[in-house]
Structure formats: C-alpha cells, structure tokens
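Each chain gets a letter, A, B and so on, in the order the sequences are listed, and its residues count up from 1.
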Amino acid sequence: MDAKSASIADTLIAPLLLDWYDRHRRDLPWRARPGETPDPYRVWLSEVMLQQTTVATVRPRFAAWIARWPDFESLAAAPDDEVMAAWAGLGYYARARNLLRAAKAVVADHGGTFPRTEAELRTLPGLGAYTAAAVAAIAFGERAVVVDANVERVGARLFAIATPLPAGRAAIRVAADAVTPERRAGDFAQALMDLGSAICTPKKPRCLLCPLQAHCAGFATGAPEAFPVKAAKKARPKRYGTIFWLERERARGPEVLLVRRPDKGLLGGMRALPTGPWVDEAPLLEGAPALASWRLLAGTVEHGFTHFTLELALAVATGPAQGEPPGEWWPVDALATAGLPTLFARAAAAIAEGR
DNA sequence: GAAGCGTGGAC
DNA sequence: TGTCCAAGCTT
C-alpha cells in the first residue's frame with residue numbers, strides 16, 4: 001500500500017469509530033457525558049488509577065477518593081500516610097506517591113490549575129507518554145496521540161503490524177498518529193479503549209461486531225488474534241520470606257507491631273507487617289523485629305508479584321519483647337484501617353485463622 | 001531496551 | 001491451576 005492510498009483509508013477510520021462510540025460508549029463515573037465539560041482532576045485521577053488496573057477495580061476506589069479529596073487543593077493538603085493508606089490494595093504504589101507530588105506541584109507551581117498541554121503535563125510526576133496525551137485529549141481537547149495497550153492491540157490488528165512488541169510500538173505509534181482526528185481526539189482515544197475492551201479483545205475478538213472490520217488488515221489475514229506479536233516472557237522466579245506478627249496486650253485489647261516500608265522499592269512507603277529478607281531459599285527466623293519467643297505457624301502464604309512469586313512463612317510471638325522495636329503498635333481489631341497492601345492483609349487474615 | 005513495580009479477574 | 005493480562009511510569 002503506497003502512502004497516498006494509505007492516508008485516504010486512514011481518514012475513514014475516525015468517523016467510523018466515533019460514530020460507533022456515540023452509540024456504544026460506556027457510561028463511566030469519571031467520563032463527561034455529551035455536552036458536559038470534563039473535570040481535569042477527575043480525568044487525571046481516573047487515568048492514573050486505571051494504569052494497569054481494571055475498570056471494575058477502579059470504580060469504587062474512584063468514588064471513595066473523590067468523596068474524600070474532590071480537587072487538587074484538598075489532595076495537595078492531605079497527609080502523606082493518609083494518601084498511601086487510601087491507595088492500599090490498588091498496587092503500584094509509586095502512583096500514590098506521584099499523585100500527591102503532582103497535586104502539590106499543581107497548587108504550588110501552577111496556581112491550582114492543571115497545565116493544558118501534553119508537553120507541560122508530561123513534566124508532572126507520574127504522567128508519562130500515555131497519561132499526558134490522554135489528559136490533554138480528554139480533558140482539554142488537544143489533538144494528542146494516545147497509545148495504551150488497547151491502542152497497541154487495535155492498531156497492530158488494523159494494520160497487521162507483525163513486528164513483535166516492544167519494538168513494534170514505533171510503527172503502531174505512527175499508525176495511531178495517522179488515524180487520530182483533529183477534532184474529538186479525546187473521544188477518539190476513549191473510543192479505541194472501549195473498542196479494545198468490548199470488541200477487539202485480547203482473546204476471541206468479536207470481529208463481526210466491529211465497525212472497522214472492512215478496513216482491518218488483521219481481520220483479512222484470518223487470524224486477527226495473532227496480533228500484536230509479543231516477545232516471549234521470562235519465567236517468574238520464586239522467593240521466600242517470613243512475616244513476623246508481634247503482639248502485645250493492652251487494656252483496650254491486643255496490638256500488633258507495624259512498620260513503614262522504605263519509600264523506594266517494592267510496596268514503598270506502605271504500612272506493613274515486619275518481614276525478614278526475601279531470598280531464593282526458604283528462611284526461618286532471620287530478620288525478626290525483636291528478640292522474642294517466635295513460633296512458626298503451619299502453612300505459608302503465597303503471593304504473586306509481577307516479576308516473582310513470594311512464599312511467606314508466618315512467625316508469631318506475644319510480648320513482652322526485649323526493648324522497644326521500631327514501628328507503631330496497632331489495635332488488632334482495627335487492622336482494616338491501617339492501609340495494608342493486599343499481601344499483608346492476606347497474611348494477617350491467615351495468621352488470625354491459624355493461631 | 002530491560003527491569004522493577006501489585007493486584008484481581010478471566011479462562 | 002497456572003497463565004495471561006489490564007487506560008504505564010521510572011530508572
């Protein structure tokens with residue numbers, strides 16, 4: 001296909017997709033309805049929450065967050081530990097740290113008003129190529145080329161791009177740029193995402209319902225699900241660790257020792273149960289937070305991270321311990337309010353069960 | 001470009 | 001049951 005005929009075909013894509021979007025768009029809490037003006041704060045918050053996270057997970061968390069911190073000013077003034085606890089369970093906790101940093105920057109450096117251009121947005125922490133383009137297009141109507149996993153999949157199929165990801169992203173971006181319209185770029189981006197979610201799915205795409213089927217090179221091959229081609233994944237190694245549950249009795253009831261994890265690295269900045277080192281072979285009681293009579297529970301807790309699986313032994317002790325260990329004592333019956341990442345919430349439940 | 005960084009749902 | 005995958009960003 002030469003450049004000229006390609007561009008003519010490309011101009012058909014946006015009208016077809018926007019027409020489909022006007023009839024099938026999802027009604028989502030962070031999405032402005034036709035005629036409404038988008039709220040940049042809500043657009044930004046939703047885009048960050050949705051990074052690598054499903055719509056079903058984000059829905060209730062978005063509502064709770066908006067009820068608590070409805071705008072940049074309120075979020076910028078929020079205490080660090082409250083923000084981190086509010087993000088607990090959502091994963092990728094650098095997002096919460098960057099969310100707070102960006103809100104402070106908007107208030108301090110931009111007079112409380114979100115920057116309007118993709119280039120300016122890109123300078124804020126946590127706004128990468130995708131999110132800056134998405135906010136510019138959806139909240140401010142700028143013509144920005146929005147490329148996420150949906151767009152990669154739709155684009156790779158539409159143009160039958162066979163170069164494996166991640167190298168294939170360059171060609172996909174060129175193709176996405178070619179089909180992005182001057183007007184309604186935000187709707188176009190959201191249309192691609194809705195199409196990727198409902199029609200052009202990773203497995204068993206519903207091509208018979210697709211408004212772009214007649215123009216889809218991937219469909220023409222007879223095996224559209226073969227796109228995008230991806231590089232082989234590496235095996236996920238297994239690691240082992242121990243969680244330490246140190247308890248003491250107080251008049252109001254039992255309390256457990258919690259620590260705050262370092263700001264950088266896995267589960268950074270989050271409240272947590274103390275752990276020993278995470279190593280390649282099963283450890284026992286190395287790295288305990290205090291000298292005490294540790295008792296190892298039967299059974300372990302297994303938790304999958306992106307790049308390794310963790311198997312955790314559970315060690316329990318009841319005070320008094322020698323000396324005052326670093327951390328904070330938390331009422332056991334109020335542990336749900338501590339904002340523990342899922343790994344530790346599950347471990348706590350297993351410990352409550354097993355002792 | 002590769003690695004590090006969470007979690008839950010679908011199949 | 002294990003594997004794949006999701007509206008990615010930072011270093």
Side-chain angles (χ1 to χ4, degrees), chain A residues 25-26 28-31 42-62 84 87-99 101-102 121-139 144-154 163-170 176 186 188-198 200-204 225 228 230-239 261-270 272 278 302-310 339-346:
Chain A
R25 68 200 300 275
R26 284 178 290 180
L28 300 172
W30 45 85
R31 215 174 240 185
R42 294 167 68 97
V43 172
W44 166 61
L45 176 64
S46 67
E47 288 301 341
V48 173
M49 280 191 171
L50 286 162
Q51 289 168 7
Q52 303 289 285
T53 309
T54 60
V55 167
T57 298
V58 168
R59 268 183 189 276
R61 305 300 296 262
F62 177 82
M84 298 311 292
W87 198 270
L90 274 174
Y92 288 137
Y93 296 98
R95 292 185 292 173
R97 297 195 297 274
N98 288 332
L99 211 57
R101 287 175 57 208
L121 289 163
R122 187 73 174 77
T123 67
L124 291 169
L127 281 93
Y130 162 77
T131 305
V135 171
I138 296 170
V145 181
V146 181
V147 182
D148 74 326
N150 286 298
V151 178
E152 284 179 2
R153 188 171 60 254
V154 173
T163 311
L165 298 180
R169 290 205 177 105
F188 182 73
Q190 293 176 95
L192 280 171
M193 300 192 213
D194 281 11
L195 188 78
S197 166
C200 199
T201 48
K203 295 169 185 171
K204 299 187 179 180
E225 68 275 11
K230 296 187 177 181
K233 288 188 179 359
K234 289 187 175 179
R236 254 193 340 184
K238 189 164 182 176
R239 291 185 190 162
R261 296 181 59 82
D263 277 326
K264 293 191 175 182
L266 197 66
L267 309 172
M270 298 301 289
W278 297 353
E302 194 163 293
H303 191 77
F305 292 105
T306 307
H307 51 299
F308 65 94
T309 297
L310 185 61
L340 294 178
T342 298
L343 160 63
F344 296 109
R346 286 181 49 208

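- Between the CD atom of A:Glu152 and the P atom of C:dC4 there is a distance of 17 Å, given to the nearest Å.
- Within the 4.0 angstrom heavy-atom criterion, base atoms lie near A:Trp30.
- Below 30°, between 30° and 60°, or above 60°: for A:Phe305 and A:Trp278 the angle between ring planes is below 30°, a parallel geometry.
- As judged by a 4.0 angstrom heavy-atom cut-off over every strand, A:Thr131 is placed among residues touching the sugar-phosphate backbone only.
- Between A:Gly126 and A:Leu50, it is A:Leu50 whose nearest contact on DNA chain C lies nearer the 5' terminus.
- In this structure, the side chain of A:Arg26 does not engage the main chain of A:Ser197 through any donor-acceptor pair within 3.5 Å.
- A side-chain donor-acceptor contact under 3.5 Å links A:Arg95 to the backbone of A:Met49.
- Here the side chain of A:Ser46 pairs a donor or acceptor atom with the backbone of A:Val43 at under 3.5 angstrom.
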Which parts of nucleotides 3-11 of chain B does protein reach within less than 4.0 Å, heavy atoms only, written one letter per nucleotide 5' to 3' as B for base, S for sugar-phosphate only and - for none?
SSBBBS---
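- At distances below 3.5 Å, at least one donor-acceptor pair connects side-chain atoms of A:Arg42 with backbone N or O atoms of A:Pro29.
- Summarising the geometry, the separation between CG on A:Asn150 and P on C:dC5 is reported as 13 Å, rounded to the nearest angstrom.
- No contact: A:Arg61 has no heavy atom under 4.0 Å from any strand.
- Within 4.0 Å (heavy atoms only), A:Leu28 reaches at least one base atom of the nucleic acid.
- As rounded to the nearest Å, C:dA7 and B:dA2 have C1' atoms that lie 23 Å from one another.
- One N or O on the side chain of A:Thr53 and one on the backbone of A:Gln51 form a donor-acceptor pair closer than 3.5 Å.
- Rounded to whole Å, the distance from CG on A:Leu45 to P on C:dG8 is 15 Å.
- Base contact: A:Arg26 has a heavy atom under 4.0 Å from a base atom.
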